[in-house]
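To start, the structure under review is shown below, and the notes come after it.
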Amino acid sequence: SARAGPNSVMGLFTLLLPLLFILTQSPLAFAPSGGAISPLQVIATTLRENQDQPLGDSAKTALRAVLFPGNLLRAALSSAPVVADGPPLDTADLWERSLELATARTSAYKSFDHQELLAAGSWCVVFGCVLSLVLRRPHVLLLFGIAMLGAFFALNGLMPTVQFALCLALPVTDLSRALTQPQPAVAAAGPAAAARPKRD
């Protein structure tokens, strides 16, 4: 088949790249002040500020596990020997302070308008990436979340990044190929019907 299916390199690339951006807390947009927008950091900030329903131990562990890769990547890039005279990399401390580190630079989020779009879009993008990987095809929830984030960026004058463009372009391209390709069952119906003996 001409379509880049889930077993092909392009299909895997389409499914894994948005998830990689999410797990590494890669910015999907930048504010004029220089602040970055990352869905996981938005979710972590929302959960941290929700004092009415504090996180349980299992939820905290799960959140730490999700936030750890991005925190580790940032710490590794700013530590020795990558940076001269940088601090040593302490993975145990990174694990314990996962939530604190992920929300350390999110104070600017409160100044944005339409924060409900930011929160809803971030949740949809994260769950859409997971569902896409489970179903082995781009899920509409991912596109819905990207659309909401795009609207939020436009309303607040934020500059989308290349990562955001890829998160939008790859699933759209894959879905458009799926819609334009003929279904195998339909394509095979002609020869099967011709080979079927006629009844009197």
Side-chain angles (χ1 to χ4, degrees), residues 3-4 6 9-49 63 66-78 98-99 101-180:
R3 178 175 176 259
V9 174
M10 187 59 189
L12 288 174
F13 183 75
T14 301
L15 297 176
L16 291 176
L17 191 62
L19 184 62
L20 179 65
F21 289 154
I22 297 302
L23 289 178
T24 57
Q25 300 175 34
S26 186
L28 298 188
F30 286 107
S33 60
I37 303 294
S38 165
L40 274 186
Q41 293 179 4
V42 172
I43 292 173
T45 301
T46 302
L47 294 176
R48 189 178 187 182
E49 293 178 349
L63 187 59
V66 173
L67 296 174
F68 184 74
N71 292 338
L72 178 63
L73 178 61
R74 286 200 308 275
L77 293 176
S78 61
S98 288
L99 187 57
L101 293 172
T103 58
R105 301 179 181 179
T106 60
S107 58
Y109 290 0
K110 296 180 180 179
S111 64
F112 294 136
D113 296 326
H114 308 286
Q115 294 189 29
E116 66 281 358
L117 280 176
L118 177 61
S122 297
W123 281 106
C124 286
V125 165
V126 171
F127 280 106
C129 285
V130 174
L131 288 173
S132 297
L133 193 61
V134 172
L135 298 175
R136 304 181 70 183
R137 59 177 174 78
H139 194 275
V140 68
L141 190 62
L142 173 59
L143 292 175
F144 192 54
I146 289 293
M148 283 194 288
L149 289 181
F152 173 80
F153 298 158
L155 290 170
N156 286 275
L158 305 181
M159 178 63 67
T161 62
V162 174
Q163 295 92 312
F164 175 82
L166 288 174
C167 285
L168 175 62
L170 290 175
V172 168
T173 302
D174 192 83
L175 288 174
S176 64
R177 287 174 179 170
L179 292 174
T180 55

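All residue numbers refer to positions in the sequence shown, counting from 1.
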- [ ] For A44 and A102, work out which heavy atoms get closest and say how close.
- [x] CB-CB, 4.4 Å

Open item on the list: Under the rule for ring-ring contact (aromatic ring centres under 6.0 Å, His included), what residues qualify as partners of Y109, not counting sequence neighbours?
Closed with: none

Open item on the list: I need the N71 CG to T24 OG1 distance, nearest 0.5 Å.
Closed with: 11.0 Å

TODO: Nearest 0.5 Å please: distance from the CZ atom of F152 over to the CD atom of E116.
DONE: 9.0 Å

Task: Inter-residue atom distance L118.CG - T46.OG1, 0.5 Å rounding - done: 7.0 Å

Open item on the list: I need the F68 CZ to L23 CG distance, nearest 0.5 Å.
Closed with: 12.5 Å

TODO: Please test L99 against L63 for side chain to side chain contact (heavy atoms under 4.5 Å, CB included), starting from the C-alpha separation and ending with a verdict.
DONE: CA-CA 8 Å; L99 187 57; L63 187 59; 3.6 Å; yes

Task: Side-chain donor or acceptor of T161 paired with backbone N/O of P27 under 3.5 Å - done: yes

Task: Shortest non-hydrogen contact from C167 toward L28 - done: SG-CD2, 4.5 Å

Open item on the list: Can you give me the closest heavy-atom contact between F30 and A36, atom names plus distance?
Closed with: CE2-CB, 3.7 Å

Task: Where S132 and G128 come nearest, the two heavy atoms and their spacing - done: OG-O, 2.7 Å

Task: Where P39 and I22 come nearest, the two heavy atoms and their spacing - done: CG-CD1, 3.7 Å

- [ ] Start with the C-alpha distance between F112 and L158, add both sets of side-chain angles, then the distance that settles side chain to side chain contact (heavy atoms under 4.5 Å, CB included), and finish with yes or no.
- [x] CA-CA 10 Å; F112 294 136; L158 305 181; 3.8 Å; yes

TODO: Working to the nearest 0.5 Å, report the span between CG of L141 and CG of L131.
DONE: 6.0 Å

TODO: Would you check if there is a donor-acceptor pair between the side chains of Q41 and T106 at a distance under 3.5 Å?
DONE: no

- [ ] For F127, enumerate each residue passing the ring-ring contact (aromatic ring centres under 6.0 Å, His included) test, keeping only those at least two apart in sequence or located in another chain.
- [x] W123

Open item on the list: To the closest 0.5 Å, what do you measure between CZ (R74) and CG (L72)?
Closed with: 10.0 Å

- [ ] Start with the C-alpha gap between L67 and Q25, add the side-chain angles, then the distance that decides, and say whether side chain to side chain contact (heavy atoms under 4.5 Å, CB included) holds.
- [x] CA-CA 8 Å; L67 296 174; Q25 300 175 34; 3.9 Å; yes

Task: Note, L149 side chain near L117 side chain (heavy atom, < 4.5 Å) - done: no

Task: Note, P138 side chain near L143 side chain (heavy atom, < 4.5 Å) - done: no

Task: All ring-ring contact (aromatic ring centres under 6.0 Å, His included) counterparts of F21, not counting sequence neighbours - done: none

TODO: Could you walk me through whether M148 and V125 pass the side chain to side chain contact (heavy atoms under 4.5 Å, CB included) test, one step at a time?
DONE: CA-CA 9 Å; M148 283 194 288; V125 165; over 6 Å; no

